[in-house]
Amino acid sequence: MRKQKNVLFSLSVVTVLAVTAACGPDSSGTSSDSGEPAGDITVTSWRFADPSAVGTLHLELIDGFNESQDAINVTTEAIPYNDVNTELVNSVLSGAPADLVAIGPSELASNAEYLQPVDDFWEAEGAEFQDAFSETARALATHDGQLWGIPIEMSTTDGMWFNKDVLADSGVDPEQAVSSWENFRAALEQIKAAGHTPMLFEAANATRMDRHWSWYVAGGADLTDPDQYVEQMCTPESEETFTFLTDLYLDGLTPNPAGIAYDEATRQFSAGDVGFYADGPWAPTTYEAYDASILDKLGYTHLPPKEEGGGYGANVDGLLWAIPKGSANPEAAWEVMKFMSSVDAEERQAANGNLPTRTEVLQSAVVADDPMLAHFGALIDEHGYPRPRADFIGEFKQIFITAYQAAVTEQQSPADAHASACDQLRGL
Amino acid sequence: MATITDTAVRQRPGRRPNRRPRSRSVGATGRYVLLALMLLFALLPFAWMLITAIKPAAEAYTTPIIWWPSTPTVENFVAVLTKTDFPRVVLNTVIVAVSAALISTTVAVLAAYGLSRLAGKRAQVLMISLLFAQMIPTVLLVIPYFLIFRRLGLVDTLLALVITNVSFTAPIATWLLLRFIGKVPKELDAAAMIDGCTRLGALRRVVLPAARSGVAAVFFYTFLVAWHEYLFALSLTSSPQNQVATLSIASLVGQYSVSWGQLMALGILVALPLIVLFLMVERSLIEGLAGGVKG
Amino acid sequence: MSGTRRMERPAPERPATPTAAGATGAPGSRPRPRRRTVSAGDRAIFFGPLMVVLVGMLAFPIGFALYASFADVDNLFSLEFAGAANYQELFERPADLVTPFLNTLRFVGVSVAAALVLGFGGALLLNTTLRGRRWFRSALLFPWVIPTVLVALLWRWIMDSNLGGAFNGLLAEVGIIDDPVSWLGSPDWAPWVIILAQVWHGFPFVMIMLLAALQAIPDELYEAAAVDGAGPVRQLTAITWPGVRPIFVLVGTLEGLYAFREFATIDVLTKGGPAGSTEVLATQVYRLFFEYHQFGKAVALAALMFLLALLATTFFLRLSIRGDED
């Protein structure tokens with residue numbers, strides 16, 4: 001026993017020593033006042049942990065950066081996707097943030113307090129650098145009249161994917177199906193009659209609201225001005241959209257959306273018995289990981305307009321590198337950002353189904369020769385609007401999705417659910 | 001024949017003292033059935049975890065469900081081991097959990113001894129305050145800790161995790177240990193002190209050995225709590241070399257997809273050492289708890 | 001009572017140190033020395049470390065959090081005093097607090113009750129002469145050792161809303177359902193699924209503690225009761241229950257506190273949905289803080305949670321202390 005205790009004691013001493021030895025300095029980032037940026041910086045992104053190809057690509061890019069020069073040493077930190085906010089808020093409030101973070105442009109407005117604008121860096125790079133990025137892309141990085149980073153991907157979640165086999169088996173023509181809401185519903189009913197799952201729709205949590213916006217746009221809402229979001233989402237037309245969507249479930253045309261989050265939706269779609277599913281251009285890369293045989297059956301089109309010939313929307317978001325407030329070394333962070341948005345990097349990203357932000361790459365063969373990317377590029381060009389963003393957007397989405405859940409679980413009628421959501425929204 | 005310690009000693013392999021007359025009302029078969037049902041409840045999720053982990057990707061999610069993989073595979077385990085820095089993650093977690101448990105248990109032994117031998121009127125207050133840590137939502141403690149650790153230069157160190165875990169586990173460990181150490185007859189250490197031991201000496205040489213299974217139980221309990229901790233690990237560490245197991249699990253849940261096969265494989269890899277360790281200490285754990293709770 | 005009995009047989013403690021054995025031979029041989037001579041040094045040694053933990057690692061952060069609830073934290077966590085503004089803001093829409101509060105009560109109440117019932121039942125079953133009960137005991141404790149994050153993810157995977165999910169698949173296989181049930185998407189089911197996950201993870205600890213308590217009840221009591229003609233039910237109420245009651249209250253209180261602040265299970269399984277049916281106070285604090293950045297409301301609500309827990313704990317501990325005195 002005593003021997004055991006001695007062992008334990010020495011173990012504890014060793015442990016304490018080992019732990020203390022592991023304590024680094026508070027922040028190793030040093031920003032040189034003159035000359036080239038240098039030092040150690042930390043980059044956090046949920047992408048680094050992503051099991052699909054996009055995650056590994058970003059890690060490769062950072063490795064490439066570290067090899068390309070000696071002055072700046074980048075350490076990557078993978079954070080769980082669900083905890084991006086927690087990590088950012090915590091670290092900034094406590095004064096020890098990372099130097100560079102990956103963020104969705106639509107999250108800029110709600111997180112601007114924790115980030116620093118980078119207009120000066122853009123300015124210093126000169127006109128040629130600035131003009132290399134598309135207008136849409138730069139708009140994505142803009143909030144409150146300032147630029148907050150370099151966008152490196154553009155995409156929309158509002159492409160309509162379909163399973164060719166399921167549609168063929170149900171006698172549904174995809175283009176006819178997406179010509180209007182009425183035809184779409186009819187197609188779903190046909191798929192259902194053939195014994196398949198007609199479509200998937202998600203409303204499991206607040207972030208899923210981003211998959212709903214464009215239906216409201218098709219229904220007549222104009223979601224370009226944050227000050228008008230509440231009003232636009234509460235019009236009689238929007239109530240109609242709300243009812244149309246909730247009825248899809250109530251009429252058995254989609255599995256209970258209140259229980260479906262993204263990973264479950266993609267998994268179900270990949271399993272091969274689902275007709276339609278709206279998703280982004282990265283879809284094949286993602287679905288492949290679940291079931292590679294889905295690739296042969298995949299087809300894509302657009303969301304249905306409300307009336308034949310009518311308009312429909314495609315919310316545009318992407319990925320932006322941004323610098324947290326209080327970063328020890330923003331200069332070095334900017335260098336990394338530039339590297340991650342280089343022509344070469346963008347070409348490689350495009351190969352993973354993310355539209356580039358540089359006009360040059362956007363117009364290059366990488367995109368143009370890929371019909372799927374070209375299709376999504378056209379969706380953004382012709383129907384794109386920035387994904388809704390505002391400092392209150394988190395709560396906004398939560399309220400709306402809760403109403404949606406209340407309606408599909410028959411706790412309230414669609415009209416009542418929509419009305420009570422709007423009451424709450426007006427109180428924001 | 002009341003003490004569990006005695007029972008356990010007599011109960012060496014093979015021998016089962018026939019001495020529990022109650023529950024005769026429920027027949028042995030009935031009891032087996034009930035236990036089997038509980039066992040199903042406890043173990044079926046583990047079975048599903050294992051089956052998912054050894055399924056090839058194409059069979060992981062199908063309708064109708066495939067209950068057993070056509071060709072069991074280790075590909076998920078390989079993927080997890082190559083993708084995550086598993087040895088380091090486990091080492092980090094072990095360092096944090098063992099250090100936190102050691103410190104907590106030490107603090108608890110001292111304080112529990114003090115409370116049972118020396119405390120006056122204020123003991124009650126002290127004891128209630130031991131439960132405080134269990135009451136406030138963890139979220140709210142993260143910011144103060146972050147501020148303190150930043151000042152101390154401890155952000156993104158394993159030491160920060162050790163400290164926060166101690167803050168949670170030391171009070172509860174004291175609470176649990178109080179029962180164990182309180183049960184050690186005061187005459188034991190009194191005698192030791194007569195023989196020339198200091199109080200600390202008496203604690204170390206007499207009381208501690210007498211309560212050792214209780215100490216082991218508390219050690220394991222605090223170890224487990226530290227191993228499970230997530231929010232502090234997320235908030236207070238950042239670099240990959242300081243990643244602990246719970247964080248590693250959560251980061252497999254990506255933005256675009258969750259590889260459930262890999263997730264479950266990692267889950268098994270993380271749970272396995274805990275289960276093995278648990279089986280190793282189980283006897284003294286239960287002995288210890290019983291020693292502490294007996295009237 | 002068993003303290004004295006233990007004195008008769010210090011044997012189990014034996015291999016420890018020779019001094020231990022020697023010392024036990026000695027008691028009473030000399031008049032007891034000290035008493036009332038608790039030196040400052042001893043105090044420092046025995047209470048010092050705990051005080052460091054209590055004051056430095058708990059009182060300070062908790063005090064900080066409580067103070068923050070009265071500060072202008074909405075302003076990038078500024079610590080300027082702001083009176084009760086945060087509380088006022090929190091209570092502007094009291095209706096928002098009612099559902100999470102009731103959900104919390106249900107979650108804590110049901111999961112603790114279920115864990116106690118299951119744990120007590122398991123302990124009673126294991127405290128018999130069944131063959132292989134050690135194996136049963138080990139296996140039943142497995143759920144306890146795996147991390148909460150993993151528990152929640154595992155249950156989400158099992159409760160998948162499609163027929164490809166294990167639970168739906170199983171029910172379909174045995175013919176109970178034809179169409180899959182969206183367990184986590186239904187306000188009728190989701191609260192029970194999170195309770196299920198919580199109980200699955202929590203009951204083994206209750207069981208092991210209660211088993212320990214049962215084993216500590218002297219057999220003589222049962223033998224005497226049997227001689228007196230007491231039946232099994234009477235034995236349960238007259239001997240078993242009083243014997244385990246203090247521990248019962250203790251583990252119940254602990255489990256309750258853990259359930260009360262449980263966040264990971266709920267966040268991973270349902271994120272508080274559907275339609276707010278699983279939103280509890282802990283997830284609401286988290287949402288207010290990290291998703292809406294309404295720090296003031298978040299810290300005020302957290303402070304109220306603390307108060308609530310304090311009151312409840314005091315109440316249950318009173319119960320426990322009274323039980324000890326019985």
Side-chain angles (χ1 to χ4, degrees), chain B residues 2 4-5 9 18-23 25 31 34-35 38-39 42 45 48-49 61-63 65 107 110-111 113-114 118 131-137 139-141 144 167 170 185 187 190-192 194 199-200 205-206 209-210 228 230 246 249-250 260 267 271 274-275 278 289-290 293-294, chain C residues 2-3 7 12-13 16-17 19-20 23 26-27 30 32 38 42 46-47 49-50 53 57-58 61-62 64-65 122 125 128-129 136 139-140 143 145-150 154 157-158 163-164 166 169 212-213 215-216 218-219 222 232 235 247 257 261 264 282 285-286 289 302 305-306 309 313:
Chain B
I4 178 63
T5 353
V9 168
N18 190 4
R19 45 168 216 104
R20 298 275 166 192
R22 59 249 207 223
S23 355
S25 54
R31 279 179 274 149
L34 287 175
L35 270 180
M38 285 185 77
L39 211 58
W48 192 235
M49 180 151 89
Y61 191 75
T62 53
T63 330
I65 204 162
V107 171
L110 291 171
Y113 179 84
L118 313 170
L131 278 179
F132 272 24
Q134 321 292 320
M135 293 179 195
I136 199 155
V139 184
L140 261 293
L141 293 180
S167 80
E187 291 83 351
I194 292 162
R199 252 189 199 289
L200 202 57
R205 304 173 79 160
V206 183
H228 291 182
Y230 174 68
T246 43
I249 292 171
W260 286 93
L274 288 175
I275 288 180
F278 164 71
L289 288 173
V293 299
K294 91 181 127 220
Chain C
S2 63
M7 274 311 291
E13 275 83 64
T17 56
T19 1
R30 256 177 274 174
R32 3 140 293 180
V38 183
D42 276 350
F46 293 110
F47 294 113
L50 182 68
V53 173
M57 294 152 95
L58 283 176
I62 291 177
F64 181 97
L125 288 172
T128 56
T129 51
F136 279 116
L140 282 177
V145 302
I146 68 173
T148 320
V149 182
L150 186 57
L154 176 58
W157 176 230
I158 292 171
L163 284 178
Q215 296 191 334
D219 283 340
Y222 291 101
Q235 288 187 15
I247 297 304
L257 282 174
R261 65 167 202 212
V285 167
Y286 186 88
F289 200 98
M305 279 183 75
F306 179 65
T313 312

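Residue numbering restarts at 1 for every chain, and letters A, B, ... go by the order of the sequence lines. Note that the structure is predicted; figures quoted are calculated from it, not measured.
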Kindly give the heavy-atom pair with the smallest separation between C:G164 and B:I65, and that separation in Å.
O-CD1, 3.2 Å

Between C:L150 and B:G267 the two heavy atoms that sit nearest each other are CD2-CA, 3.4 Å

State the OH-CG distance between B:Y61 and C:L163, to the nearest 0.5 angstrom.
8.5 Å

Top contributor to chain B contacts, counting heavy-atom pairs under 4.5 Å, from C:A309, C:P61, C:G169
C:P61

Do you know the tightest heavy-atom contact between C:L140 and B:A42?
CD2-CB, 4.0 Å

Short question: side chain of B:H228, backbone of C:V149 - any donor-acceptor pair under 3.5 Å?
no

Side chain, backbone, both or neither: which part of C:V145 has a heavy atom under 4.5 Å from chain B?
both

Side chains of B:P144 and C:I62, heavy atoms from C-beta outward: is any pair under 4.5 Å?
no

How many angstroms lie between CD1 in C:I158 and CE in B:M49, if you round to the nearest 0.5 Å?
9.0 Å

Which answer fits C:A264, side chain, backbone, both or neither, if we ask what part of it has an atom under 4.5 Å from a heavy atom of chain B?
neither

Of the non-hydrogen atoms in C:V53 and B:S167, which two are nearest, and what is the gap between them?
CG1-CA, 4.1 Å

Which class fits the ring pair C:W157 and B:W260: parallel under 30°, tilted 30 to 60°, perpendicular over 60°?
parallel

In the structure I gave you, are the side-chain heavy atoms of B:L39 and C:F136 within less than 4.5 Å of one another anywhere?
yes

Max heavy-atom pairs within cutoff under 4.5 Å with chain C, candidates B:T62, B:L110, B:I249, B:V107, goes to B:L110

